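Data first, discussion second: the structure below is written as structure tokens.
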Amino acid sequence: MSDKIDFIDLKTQQQKIYPSLMNRIQRVLEHGQYIMGPEIKELEEKLAAYVGVKHAVTCSSGTDALLMPLMAYGVGPGDAIFTSPFTFIATAEVIQILGATPVFVDIDPRTFNMNPELLAQAIANLAKNPGTAHLKPKGVMPVDLFGQPADYDQINAIARQHGLFVLEDAAQSFGATYKGRKACSLADCAATSFFPAKPLGCYGDGGVVFTDSAELADTLRSIRVHGKGKDKYDNIRIGLNGRMDTLQAAIVLAKMEVFAQEVIDRQKVAERYSRLLQDIVKVPFVAPECTSVWAQYSVLSDRKAQLQQKLKDAGVPTAVYYPLPLHLQGAFAHLGCQPGDFPVSEESSRLIFSLPMHPYLSDTIQDRIISAFKG
Ligand SMILES: *Cc1c(COP(=O)(O)O)cnc(C)c1O
């Protein structure tokens, strides 16, 4: 009986950073500022510097990091927000929470990210379609799926033509690059998540919004604390209890010490997978202008069920992101979408599955995974 293989290994990382982690946690226990303690400011400064934007506003989750900018832009009923149907529910959920309407745009079959040509078409079709003619186009939310940025030069140009804001869902792509620029800096604003399984995670929930706009950052800081004005008891708008815990910020700070190396190691693991699996499955495509941070290593195969079973029999865990595109989810049934509306997303859902992926995956374990495909 061989050792169990982890889909994501957080233990090895913890052992590696243990002294620093404990030191950071202990400092929080000593100063006792559990809400908005000094670690929050320290983390926001480090994150903004890493990404290369002026403002980072931490918050309680990746979902709130998507919700807060939409609130700041005043998104509400009658607004259309263009996004991908091939993503985690949170991306479109935050649009719906505010009473606005998600308008889905199908993906590029190679990158799984929003297809810019189809975005232009969807904007043009909005007024022509009787079902959506009453909606006002307001914003675009591309997703950097599996850790690879979407095509922002094209998406931003289309958005600018129509006066739309662009919010980058970078929940999976913190640490990736597009044309030499860091993910989270590629649009008007960006949201990422510190959910434990993300490339940079904490030990609970957390998130952050990035923007170069001082005005937007101020509004986000107000929304984060119940719409505060001068202070918490001066309420100038409706907001949230949307703060990140000081303890979680301390944990992200400890993890940032090894993050740059982890990105390199993730890329090595992915490159080795692709080299050794290219004759067996369709391996991921990374656009020449991008680097991926490999939140997931996802392959396509028309023998998916059979391969997943073989891997399972050999003790190799796999997962499917995403088994059902959002336009076919019950939560969005009111939009009236049908199977066949977004064929690339639907076909990707049918063929895709993801392999164990983390920076501490050894060649030995990876060889076991690869031989399980052949077994
Ligand atoms: C994880 C994720 C989110 C939500 O982040 P949470 O921190 O879990 O709220 C949003 N969008 C995408 C694409 C994600 O992968």
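Because the structure is a prediction, the values reported are computed rather than measured. The figures here come from the full heavy-atom set of this structure, side chains too, leaving out hydrogens, waters and symmetry mates. Remember, it's 1-based here, ligands and their atoms both numbered in the order they're listed.
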Does K182 make a cation-pi contact with Y50, if we ask for NZ or CZ under 6.0 Å from the ring centre and within 45° of the axis? yes
Hey, is R350 close enough to E347 for a salt bridge, meaning N to O under 4.0 Å? yes
Could you check ligand 1 for N or O atoms lying under 3.5 Å from protein N or O atoms and list the pairs with distances?
from: ligand 1; atom 1: 5 (O); to: S193; atom 2: OG; distance (Å): 3.4
from: ligand 1; atom 1: 7 (O); to: G62; atom 2: N; distance (Å): 2.8
from: ligand 1; atom 1: 7 (O); to: S193; atom 2: OG; distance (Å): 2.6
from: ligand 1; atom 1: 9 (O); to: G62; atom 2: N; distance (Å): 3.4
from: ligand 1; atom 1: 9 (O); to: T63; atom 2: N; distance (Å): 2.8
from: ligand 1; atom 1: 9 (O); to: T63; atom 2: OG1; distance (Å): 2.5
from: ligand 1; atom 1: 11 (N); to: D169; atom 2: OD1; distance (Å): 3.4
from: ligand 1; atom 1: 11 (N); to: D169; atom 2: OD2; distance (Å): 2.8
from: ligand 1; atom 1: 15 (O); to: Q172; atom 2: NE2; distance (Å): 2.8
from: ligand 1; atom 1: 15 (O); to: K198; atom 2: NZ; distance (Å): 2.7

Residue list, side-chain hydrogen bond (donor to acceptor under 3.5 Å, both in side chains) with T12, at least two apart or on another chain: D9
Sort out for me which residue in V293, V263, V252 forms a side chain to side chain contact (heavy atoms under 4.5 Å, CB included) with L200. V252
Can you list the residues that meet the salt bridge (Lys or Arg N to Asp or Glu O under 4.0 Å) rule with D363, with sequence neighbours excluded? R272
Donor-acceptor pairs are to be reported for all side-chain atoms of residues 205-215 against protein atoms at under 3.5 Å, with residues two or more places apart or in another chain.
from: T211; atom 1: OG1; to: D188; atom 2: O; distance (Å): 3.0
from: T211; atom 1: OG1; to: S213; atom 2: N; distance (Å): 3.1
from: D212; atom 1: OD1; to: K54; atom 2: N; distance (Å): 2.8
from: S213; atom 1: OG; to: E215; atom 2: N; distance (Å): 3.4
from: S213; atom 1: OG; to: L216; atom 2: N; distance (Å): 3.0

